[in-house]
Structure formats: C-alpha cells, structure tokens
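The next block holds one structure in the form of structure tokens; read it before the comments.
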Amino acid sequence: AEGHGKAETGLRLALAFGVQAMQRGTPAEGWDWLRRVQALGGGDPLLRARALTGFGWHALYQGDTESAMDAAEQAVETAARESWILAMALLLLGSVELERGTTAAARRRFEEALSLVEGDAEAGVWAPPILMNLGLLAAIQGDVGEARRWYEATLAALPAAAVTFIRPMVLGNLASMAWNEGDRSRAAVLQREALPLRRALRDVLALANSLANGAEFAAVAGRQEVAARLLGAAEGLRQRGGVTIDPFNLDDPQTLMARVRDQLGEAAFAAAWAQGEILPLDQAIAQADAVLAEAAHDDSGERQVADGPAH
C-alpha cells in the first residue's frame, strides 16, 4: 500500500509539474517531467492514463510520433473504464494517426471519442477538442465546407467564459481558411481576435505563429521590413520557448522568409530579422496587431492571395 501511495503521489506531482511547465512556455522542462511520469510504475490507473495522455500530446507537439503513439495506446488500454479519459486518449490516438496521414483511422478515433462524451454533463469541456480535430481532418482532406461546420460547432460548444487554448486555435484555423479563399480582411479580423487570447494563455508556439501571420500580412501590404522583423521575433520566441515549427506548416515560414529576403535584399533582411529576434514580446505583439488592424479595415478585395499563413 505504501508503494502504491508513493507511486500515485509521484504521478500527481509529475503530471502537475509537467502541465505547469508547458503552460509557462518551457516545453523542455515539461517534456522532462512527463518522461518521469512514463517511467513511474503503479498508482491509480486513471491517473496514469491522464499522465500518459499528457505525455503523448507533448511528444506529438515535439514531432515524436512514435512516443506519442505508444503513450496513446497505453492510455486507451488503461482508461477503458472512464469514458471522458478514454475519449481524450482516443483523441490523442486519432491525432497521431492524422499526423501520420492515416485519415480514415483518425476519423474513426475522433468519432468514437465524440460518441463517448456527447450528452455528458461536462460535454462543454470534452467535446470541443474533438470537434476541432474533426474540422482539422476535413480541412486536410480539402472539404472546406465540412471543416467550417466543425470549427463553428467547436466555438458554439465552448462555454462563453472558458479560458482555453481551443478558441484561439479554431479562430486561427478559420482565419487560414478565409485567407486561402482570398478574404484577407476576414482573416485579419479572426487572427486579431486570437492574438490576445494566445498572449493571455502564454501559448509560445501559437504566439510565434501569430507573429509569422502578421509578417505574412505585412509582406502582402508591401511592408517587407516589418515582415522581416516579425519573422525574426517569431523565431526568437520559438528559440526561447524551445519549440519547433508546427509540422503541419513547416514549409510556409521558409517560403515567406525567402520571398521577403528576395524583396528586401540580404543585408536589410538580416538587419530587420536581428532587430526582431531581440524585440520584447509585447512590442512584437503590438506590431503584429497594428498590421492586422490595418488589414482588417482593407475591404477593397483587390488583392488576392494564394499561399496561406501558418495557423
């Protein structure tokens, strides 16, 4: 009994410290704590399933699909008797399948997870991430209408006062869709709505992507120096937070950087980039917001774009 109690205490502490580290924007520390979770034996099975799910998400976040799949499969097996924990483990499993490109398997996992939480008293907590991932799946498969329906269902399912990573993520996805459809003004409105939410949540990767999105808008508006500065700020933030570019959008920042560099010239690009790398976060966010505000009021519809910014 004493060994079981120590294992459970260890699981709780490692899970809590891992989550706190990720929320502070220090994923390397969170990764270390969640590895400790995986190494611990014993403890409550449901608590272990939650810890494994947390470890799996972080592994996927870092691009380690093998560790994420292993953690997800263990979590599904361990959480079999608690529907909401099982649903979250299935969501992780489906997300790994999606990252691997096995979309049919991903859809099955997402739909199974959704069926477990529909009608639950706390469906507003558990359903939105599943709905959002169904939207992402539809978007990847090129079904814009279905993706928009899932994303809008996600926003509708969220409690109005909820402080969650999901709302800015969905707003960013809808913004990307608007951008790809040529509605730059609508895309800017949505990105601008997401920006302060990401700042409040201290979501390092999402904030870096917001700065890169601001750079894309600046580049389209002909403000190449601002674009380079925001790209440098985004990269500096990623480096300080120990995060990588979202694997779904790996090519977009490289393409944008090459375009801005070509238009500015190597020396001017390097100088603006260096300024951005050391720019305080609040100043970088203010510059991105100013660019988005300007684009949000541009309703001319004359400038169409083909390349979507990162989410």
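What you see is a predicted model, and the numbers here were worked out from it, not measured in a lab.
Heavy atoms from other residues, nucleotides or ligands lying under 6.0 Å from CD of Glu82 number more than 12. More than 12 heavy atoms of other residues, nucleotides or ligands shown are found within 6.0 angstrom of CD on Gln141.
Put simply, Leu134 and Leu116 are part of the same group of oily side chains (I, L, V, M, F, W, Y) that touch within less than 4.5 Å, one to the next. Linking Ile, Leu, Val, Met, Phe, Trp and Tyr whenever their side-chain heavy atoms come within less than 4.5 Å leaves Leu279 and Leu195 in two separate clusters.
Thr65 places no side-chain N or O within 3.5 Å of a backbone atom of Val96 that could act as its donor or acceptor partner. Proximity of a side-chain donor or acceptor of Asp70 to a complementary backbone N or O of Glu66 within less than 3.5 Å is not detected. At least one donor-acceptor pair closer than 3.5 Å links the side chain of Gln224 to the backbone N or O of Ala219. Remark: side-chain polar atoms of Asp289 are not paired, donor with acceptor, to backbone N or O of Ile285 under 3.5 angstrom.
In this structure, the side chains of Leu114 and Phe110 stay at 4.5 Å or more apart for every pair of heavy atoms. With contacts defined as side-chain heavy-atom distances shorter than 4.5 Å, the pair Ser95/Leu60 qualifies. With a 4.5 Å cut-off on side-chain heavy atoms, Leu281 and Arg199 count as touching.
A donor-acceptor pair shorter than 3.5 Å can be found between the side chains of Gln239 and Glu235. Checked by atom type, the side-chain pair Asn209/Arg238 shows a donor-acceptor distance below 3.5 Å.
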Handout entry: Worked check of side chain to side chain contact (heavy atoms under 4.5 Å, CB included) between Glu216 and Trp179
Key = CA-CA 11 Å; Glu216 181 75 82; Trp179 177 280; 3.3 Å; yes
Practice task
Report the C-alpha distance between Met169 and Thr164 in whole Å, list the side-chain angles of each, state the deciding distance to 0.1 Å, and finish with yes or no for side chain to side chain contact (heavy atoms under 4.5 Å, CB included).
Solution key: CA-CA 9 Å; Met169 289 174 68; Thr164 170; over 6 Å; no
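Glu112 has no carboxylate O lying under 4.0 Å from a charged side-chain N of Arg108, or vice versa, which leaves the two without a salt bridge. Look at Arg148 and Glu181 and you find a salt bridge, because one of the NZ, NE, NH1 or NH2 atoms lies within 4.0 Å of a carboxylate O, short of that distance.
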